[in-house]
Visitor: 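Sharing a structure, written as structure tokens. Questions coming.
We name chains A, B, ... by the order of the sequence lines, and we start the count at 1 in each one.
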Protein chains: 2
Amino acid sequence: MPAARDAAPRGTRGMPRVEREAQILRAALEEFGEGGYHQTGMDAVAARAGVSKPLVHAYFGTKDALYARCAADVAERLLAAIVPVVEQAPPGVPMALETMRMLFATVRERPRDWLLVYDLTLPAGSEAEQVATAARERLTKLGAQGVRAALAASPLEGDALDADAMNHVWQAVVTALMTWWFDHPEQTPERLTERFGRLLDALTASRG
Amino acid sequence: MPAARDAAPRGTRGMPRVEREAQILRAALEEFGEGGYHQTGMDAVAARAGVSKPLVHAYFGTKDALYARCAADVAERLLAAIVPVVEQAPPGVPMALETMRMLFATVRERPRDWLLVYDLTLPAGSEAEQVATAARERLTKLGAQGVRAALAASPLEGDALDADAMNHVWQAVVTALMTWWFDHPEQTPERLTERFGRLLDALTASRG
DNA sequence: CTACCAATTGACCCACGAGTCAATTACGCT
DNA sequence: AGCGTAATTGACTCGTGGGTCAATTGGTAG
């Protein structure tokens with residue numbers, strides 16, 4: 001099994017640890033994104049990475065740990081992308097749209113990465129599920145602030161549960177546009193966001 | 001194995017076929033709804049129904065066929081509920097809301113039934129996936145007409161893809177409210193629908 | 001060149017779950 | 001009561017996939 005060292009003074013062979021790790025992680029992201037947790041095998045990940053199954057285990061431990069690592073990686077990228085937006089832009093629908101655009105842009109090369117965090121069929125109580133759930137909660141608190149502000153600014157001001165429900169809906173909308181993206185790969189983050197803006201406009205107009 | 005007969009003139013034992021079938025189907029709906037396809041075992045279904053595993057196979061064949069049967073059952077109930085709404089109400093947002101209310105009401109006792117149709121992690125190419133996909137498509141064409149009408153009536157009239165994207169978003173919104181319902185079982189179909197109406201109002205107000 | 005050592009793997013083990021079959025049970029008819 | 005029949009099941013097989021281990025490979029230091 002590989003030791004916990006990156007420099008290679010003695011007994012080095014094959015690829016440097018960091019590269020190998022990135023390579024396997026990338027393969028795992030692709031496989032998990034396409035097949036989900038249960039339909040993806042460690043063999044498939046190893047094959048896609050071009051290495052043997054034991055090596056994947058040596059680098060990431062169990063399948064559960066590998067998935068958790070992948071989900072954490074995705075979550076970290078997403079959070080890093082939207083934190084500046086939430087901190088800088090004034091709350092409101094435009095901020096929500098900008099947040100959405102940043103989310104699309106973050107997973108631009110592999111849109112299915114998003115599913116790692118939003119897969120609801122993970123083994124109950126597993127580390128993978130805990131990481132994914134935690135990631136969703138952090139994204140909720142950050143990304144939905146704009147929409148929540150919009151809700152609070154409305155003359156109706158629903159009860160406390162409305163904000164929670166709104167968060168769920170907001171995330172589902174992003175997920176829906178992500179999955180729609182899968183079938184329309186020619187779309188760009190910008191066009192997707194504009195498209196959603198049009199939908200909002202249409203909805204607004206039809207209710208005015 | 002049970003024969004294909006319902007009346008019981010000779011060699012009868014245990015429960016009548018129709019009751020037994022309904023009993024197993026119900027157990028399967030509960031199990032699949034809670035754990036999804038891959039995490040649910042035939043043993044678990046049999047145990048929940050209070051029968052043995054071979055009996056489940058005798059009644060429904062393979063696991064795949066059982067899931068397909070469950071999904072078809074859910075789809076049939078959902079379609080039967082919303083067809084009258086779509087045919088009678090005038091297109092527009094109110095019709096969409098009424099459709100939503102009927103969907104909630106249909107799965108009132110077991111909201112997780114909805115997930116049988118909207119599980120994206122089904123084995124690729126399986127009968128279960130085909131049934132679920134077909135059900136989603138039928139629901140799309142029916143349930144999204146109101147929203148599509150709203151989109152067309154807007155002054156913006158987006159391109160042809162907008163309608164497709166809008167359908168995806170619409171279904172995701174319903175799914176999101178369903179899953180939100182799981183964690184708030186005290187909610188009713190009516191209150192859920194009203195809540196979503198409030199969210200729409202707030203969104204409209206914040207953009208006017 | 002040689003010894004050493006980490007990286008890498010072929011081959012294996014094993015748990016779990018789908019699916020099957022012979023055997024058993026109990027109901028209805030005579 | 002006793003037989004025929006269909007419902008029901010205990011106990012089994014078997015393929016699949018997660019995980020492990022001893023053995024091999026090929027760099028690097030001396």
Visitor: Identify which nucleotide among D:dG19, D:dT9, C:dG28 has an atom closest to any side-chain atom of B:Pro54, counting heavy atoms from C-beta outward.
Guide: D:dT9
Visitor: Of the candidate nucleotides C:dT8, D:dG19, C:dA18, which contains the atom at the shortest distance from the side chain of A:Leu55?
Guide: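 In terms of side-chain proximity for A:Leu55, the closest of C:dT8, D:dG19, C:dA18 is C:dT8.
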Visitor: Identify, between B:Arg13 and A:Lys63, the residue whose nearest nucleotide on DNA chain D lies closer to the 5' end.
Guide: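 Nearer the 5' end of the strand: B:Arg13.
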Visitor: Below 4.0 angstrom, which residues in residues 115-130 of chain A have at least one non-hydrogen atom near DNA chain D?
Guide: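 Within residues 115-130 of chain A, no residue comes under 4.0 Å of DNA chain D.
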Visitor: Does a side-chain N-to-carboxylate-O contact under 4.0 Å join A:Arg110 and A:Asp113?
Guide: yes
Visitor: Nearest-Å distance, CZ (B:Arg20) to C1' (D:dA7)?
Guide: 9 Å
Visitor: Going by number, which of residues 65-73 of chain A have a non-hydrogen atom under 4.0 Å from DNA chain D?
Guide: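 Of all residues in residues 65-73 of chain A, none places a heavy atom under 4.0 Å from DNA chain D.
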Visitor: Check side chain to side chain contact (heavy atoms under 4.5 Å, CB included) between A:Ser126 and all other residues, then give those that pass, not counting sequence neighbours.
Guide: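 Per chain and number, A:Ser126 pairs via side chain to side chain contact (heavy atoms under 4.5 Å, CB included) with A:Asp64, A:Pro123, A:Ala128, A:Glu129.
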Visitor: Whole angstroms only, please: what is the OH-P distance between A:Tyr59 and C:dT9?
Guide: 10 Å
Visitor: How are the rings of B:Tyr37 and B:Tyr67 set to each other: parallel, tilted or perpendicular (split at 30° and 60°)?
Guide: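 Aromatic pair B:Tyr37/B:Tyr67 classed perpendicular.
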Visitor: Please evaluate residues B:Glu76 and B:Arg138 with respect to the criterion side-chain contact (heavy atoms from CB on, under 4.5 Å), reporting the C-alpha separation (whole Å), side-chain torsions for both, the decisive distance (0.1 Å), and the verdict.
Guide: CA-CA 10 Å; B:Glu76 193 181 354; B:Arg138 275 182 294 166; over 6 Å; no
Visitor: To the side chain of B:His57, which of C:dT20, C:dG28, D:dT20 is closest?
Guide: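 For the B:His57 side chain, the nearest candidate turns out to be C:dT20.
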Visitor: Near DNA chain C, counting only heavy atoms under 4.0 Å, which residues of residues 34-52 of chain B show up?
Guide: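 Close to the strand are B:Thr40, B:Gly41, B:Met42, B:Asp43.
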Visitor: For A:Arg26, look at atom CZ and say whether over 12 heavy atoms of other residues, nucleotides or ligands are found less than 6.0 Å away.
Guide: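 It does not: A:Arg26 CZ has 12 such atoms or fewer within range.
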Visitor: In this structure, how many angstroms lie between the P atom of C:dA7 and the CD1 atom of A:Ile24, rounded?
Guide: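 Distance check: A:Ile24 CD1 to C:dA7 P gives 12 Å.
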Visitor: Send over the distance from B:Phe60 CZ to C:dA18 P, rounded to a whole Å.
Guide: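 For the pair B:Phe60 CZ and C:dA18 P, the rounded distance is 16 Å.
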Visitor: Is the Lys NZ or Arg CZ of B:Arg69 less than 6.0 Å from the centre of B:Tyr59's six-membered ring, within 45° of the axis?
Guide: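 B:Arg69 over B:Tyr59 ring: no.
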Visitor: Sequence neighbours left out, what passes ring-ring contact (aromatic ring centres under 6.0 Å, His included) with A:His57? Give chain and number order.
Guide: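 A:His57 satisfies ring-ring contact (aromatic ring centres under 6.0 Å, His included) with no residue once adjacent residues are dropped.
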Visitor: Is there a side-chain contact (heavy atoms from CB on, under 4.5 Å) between B:Leu139 and B:Ile82 once you walk through the steps?
Guide: CA-CA 9 Å; B:Leu139 282 170; B:Ile82 66 173; 3.7 Å; yes
Visitor: Would you kindly give the NZ-to-C1' distance between A:Lys53 and D:dT20, to the nearest whole Å?
Guide: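 After rounding, the gap between these two atoms is 9 Å.
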Visitor: Can you name the one residue among A:Trp114, A:Phe196, A:Phe104 that meets ring-ring contact (aromatic ring centres under 6.0 Å, His included) with A:Trp181?
Guide: A:Phe104
Visitor: Hey, is A:Glu31 close enough to A:Arg112 for a salt bridge, meaning N to O under 4.0 Å?
Guide: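 Salt bridge: no.
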Visitor: Could you work out, with salt bridge (charged side-chain N to carboxylate O under 4.0 Å, His left out) as the rule, every residue matching A:Arg191, not counting sequence neighbours?
Guide: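 If we apply the salt bridge (charged side-chain N to carboxylate O under 4.0 Å, His left out) test to A:Arg191, skipping adjacent residues, there are no hits.
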